[in-house]
Structure formats: C-alpha cells, structure tokens
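Quick note on labels: first sequence line is chain A, next is B, and so on, each numbered from 1.
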2 protein chains.
Amino acid sequence: MAIFSKTCEYAIRAVFYIAHKSAAGTKVGIKDIATGIDSPELYLAKILQDLSRKGLISSAKGPNGGFYINEASLNRPISDIVEVVDGNNLFYGCALGLKQCSEINPCPLHEQFKAIRSQIHELLDNTTINGFNEELMNGLLSLRK
Amino acid sequence: MAIFSKTCEYAIRAVFYIAHKSAAGTKVGIKDIATGIDSPELYLAKILQDLSRKGLISSAKGPNGGFYINEASLNRPISDIVEVVDGNNLFYGCALGLKQCSEINPCPLHEQFKAIRSQIHELLDNTTINGFNEELMNGLLSLRK
DNA sequence: ATAATAAAAGACAAAAATATCTTTTATTAT
DNA sequence: ATAATAAAAGATATTTTTGTCTTTTATTAT
Ligand code: FES
Ligand code: FES
C-alpha cells in the first residue's frame, strides 16, 4: 500500500508539472503532461477534468489551449489536491479502520498514530503547488520514473 | 484513502484480538474473532489463513480448536503484519509513486516525506502484538465500531 | 468407528480502482 | 464559414480489492 491512491499520485505530479509551466506563463496540453509525469494519458485526462471542475486547475479548449493554474491557485497547499482526490480519511480517519477515530473509543494505535497523522497533514498543508517550480525547471526534482 | 488496506486493518485488529485471548491462554474461533473486531467472517478467515501460512499466528482444527499466537510471536512488532499483508511500500516507497524513491532522483516531497515514513516505520516496529493486552481486557481500547 | 467441530482450500461474486475508446463541444486560425 | 485543435463527456474494459459460498481435511469426543 502506498500513502496515496494512484489517482492522487498522478494528480499531484500533474499539478506540480502544470504549475512550473504556468509559472513560466505557458499552458500545457494533456499529452505533454502525461509524458512529463509518465502516466496513462487518457486516465490522466479524466483526473484533470475532475480537478478542473473542482476549481483547482484551469483549462482552455481549442488551439493554444491546455491546462494552467492561476496565481491564486498556485499558492494553494497540495492538501487541497489530496482532499479532493482521496478525501480526508488520511487526515482524520482511524489507522485501524474504526468507523470513528475518537479519544473516548480509541484503537490501540490511536495515541501514536494521531501524532503521525497530523504531521502528514501539516506537511501537505505547508507544501504549496508552486513550491518547487525552480527545482523542477532545473531538473533537480523528478516527476517521472 | 486510509494508511492501510482494509485487509491489513482487519489483520491487525484480528491479531490484537487473538493476542489478548492467547495471553489469557485460550484459543479463539473465527466466528468469535469476526464478531470481536466487526469484520466479515469469511473474508477474515482467508486473511488469517494467510497469516497462519506465513507463521505469524497459529491455528488448530477440530473441537477446542481455533487461532492462537505463541509466546515468541506475541512479541513480534506489528510491522511484520503490515509487511506480510501490504508489503513494504509504506516503509520504502515514494510518496508520489515514482518507481524508486532515491536521493539522486527525488520527487518534490522526498525530503519531508522520508522523515514521516520512517516515523511510521518506527511506530509499527515499536508496537508489539501483545502490547495492548491489558487495555484490551479492561475495555480501554477498541477493536470494533 | 462415528459424529461433531473447526480450520483449510478452492471456486466464485461483487465492488472499486485503474485504464482505454469514442463522440461531442468549445475555441482558434484561416 | 471552414478546418484544425484540444479539452469535456460518455461509454466501455480491465484489474485489483473485498467479500461469499461450497467442499475438504484434520482433530476431538463419544
Ligand atoms: S481510533 Fe484509531 S487512530 Fe484514533
Ligand atoms: S522520491 Fe518520492 S519520496 Fe523519495
């Protein structure tokens, strides 16, 4: 098991990819993104449609069209992406799958896990969509392979 | 998305359940366990068969049979369960699904995520199967609902 | 020996996640 | 207006995960 669903992994990688292109002022097509993050093109298209409907990214049809992210959204945290795609179970759910994580009816892992869980939340809250543009342009960070 | 697969959640809860019964010296039947942890009985049976084959738990057929855990296994960490059921991706895999998590080809979340990942590993390594027997017997901890 | 018990094993089913294919709609350039 | 482009939408397919049903095997008590 990974920490995110495959869908969410693609979503985050794609958003990072679009972000560093958007920062440079260019829209980017689905084909380019799919290649750039090494994902199945048509599946990714579905994911981006969803993110677009939810307002996380923007898109334009027709020639010179493509996906982009506006200034405001560039500064949003990637926890927003995770929440939209995978829901908030990772942030608030019980590690052992109890219907409700609570202090009054805790599972054995509760005390320890809630600390970790909140660190994950914090990490994703403090990581912005455009936080890695330079490193991505320099090729210091990877979104594929 | 949860941090463990449903299968793994059931597995850990079941093993905790068996453990605190085993500590009291009694074997426990699949029906009892399924009720005790609120899981689908026949699915859980499959999971326990697997854990049994892998040597994490023991079982006896026939009247007075059931599942139990021997002294040695009672002291094993639950990371062993996770590894058997969900593999080690949670401990070593890339957060964004890159084929290989590495320092030379890191994804944007690498630096921050590896710290969290190792804390998860540590938590599961330091949590033993029999570590909650008393609290479970006292009803201070829950494995269901 | 026989019947009862309980897990093991094998086959099957349903649901969810992942992936692909086809048609439609909007936009742009000619 | 027309043709080309590119995303949106809808339908379908595949794979994986989760869950169930049936038969078999081992053990125990009578
Ligand atoms: S009850 Fe399980 S993590 Fe809180
Ligand atoms: S490369 Fe992504 S977590 Fe290490």
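- Interatomic distance, B:Leu96 CG to B:His110 NE2, rounded to the nearest 0.5 Å: 11.5 Å.
- Stretches of at least 3 consecutive Watson-Crick or G-U wobble pairs, with each checked distance under 3.5 Å, appear in DNA chain D as C:1-30 with D:1-30.
- In terms of position along DNA chain C, the nucleotide closest to B:Gly29 lies nearer the 5' end than the nucleotide closest to the other residue of the pair B:Gly29 and A:Asn64.
- Side-chain atoms of B:Ser102 and B:Asn105 include no donor-acceptor pair closer than 3.5 Å.
- Atom CD of A:Gln112 has 12 or fewer heavy atoms from other residues, nucleotides or ligands within 6.0 Å.
- No hydrogens or angles considered: nothing links the side chains of B:Glu135 and B:His20 as a donor-acceptor pair under 3.5 Å.
- With C:dT25, C:dA8, C:dA29 as the choices, the nucleotide that has an atom nearest any side-chain atom of A:Lys61 turns out to be C:dT25.
- Taking atom CD1 on A:Ile47 and atom P on C:dA17, their separation rounds to 13 Å, with Å as the unit.
- Side-chain to base pairing of B:Lys31 with C:dA6: no donor and acceptor N or O lie closer than 3.5 Å to each other.
- A:Lys54 has no carboxylate O lying under 4.0 Å from a charged side-chain N of A:Glu83, or vice versa, which leaves the two without a salt bridge.
- The separation between A:Phe4 atom CZ and C:dT18 atom P is 14 Å, rounded to whole Å.
- Comment: A:Asp50 does not engage A:Lys46 in a salt bridge, judged by the lack of any side-chain N to carboxylate O separation of less than 4.0 angstrom.
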Review point. Yes or no on side chain to side chain contact (heavy atoms under 4.5 Å, CB included) for B:Val85 and A:Met1, after CA distance, side-chain angles and deciding distance?
Key: CA-CA 9 Å; B:Val85 177; A:Met1 277 279 293; over 6 Å; no
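- Shown for residues 80-90 of chain A: no residue has heavy atoms falling under 4.0 angstrom of DNA chain D.
- In this structure, B:Leu44 atom CG and D:dC21 atom P are separated by 16 Å, rounded to whole Å.
- The aromatic rings of A:His121 and A:Phe91 lie parallel to each other, with less than 30° between the two planes, well short of the 60° mark.
- The heavy-atom pair separating A:Leu124 from A:Pro77 by the smallest distance is O-CB, 3.5 Å.
- Between the side chain of A:Lys46 and the base of D:dA9 there is at least one donor-acceptor pair of N/O atoms closer than 3.5 Å.
- The distance from atom CG of A:Asp32 to atom CD of A:Glu41, rounded to the nearest 0.5 Å, is 10.5 Å.
- DNA chain D is contacted by B:Lys6, B:Thr7, B:Tyr10 of residues 6-27 of chain B, taking any non-hydrogen atom closer than 4.0 Å.
- Atom CD1 in A:Ile30 sits about 12 Å away from atom P in D:dA6, given to the nearest Å.
- Note on B:Ala45: nothing from the nucleic acid sits closer than 4.0 angstrom, heavy atoms only.
- To the nearest 0.5 Å, the span separating CD1 on A:Ile37 from OG on A:Ser142 amounts to 11.0 Å.
- Remark: the A:Ser79 side chain and the A:Asp125 side chain contain an N/O donor-acceptor pair separated by less than 3.5 Å.
- Between A:Arg53 and B:Tyr43, the one whose closest nucleotide on DNA chain D sits nearer the 5' end is A:Arg53.
- The B:Ser59 side chain lies nearest to C:dA8 when the options are C:dT5, C:dA8, D:dA8.
- Put simply, A:Ser52 has a side-chain N or O that comes within less than 4.0 Å of OP1 or OP2 on D:dA8.
- Here D:dG19 presents its C1' atom at 14 Å from CG of B:Asp38, a figure rounded to the nearest Å.
- Going from atom CE of B:Met1 over to atom P of D:dT17 covers 11 Å, rounded to whole Å.
- D:dA7 atom C1' lies 12 Å from atom OH of A:Tyr68, rounded to whole Å.
- C:dA7 atom P lies 10 Å from atom CD of B:Gln49, rounded to whole Å.
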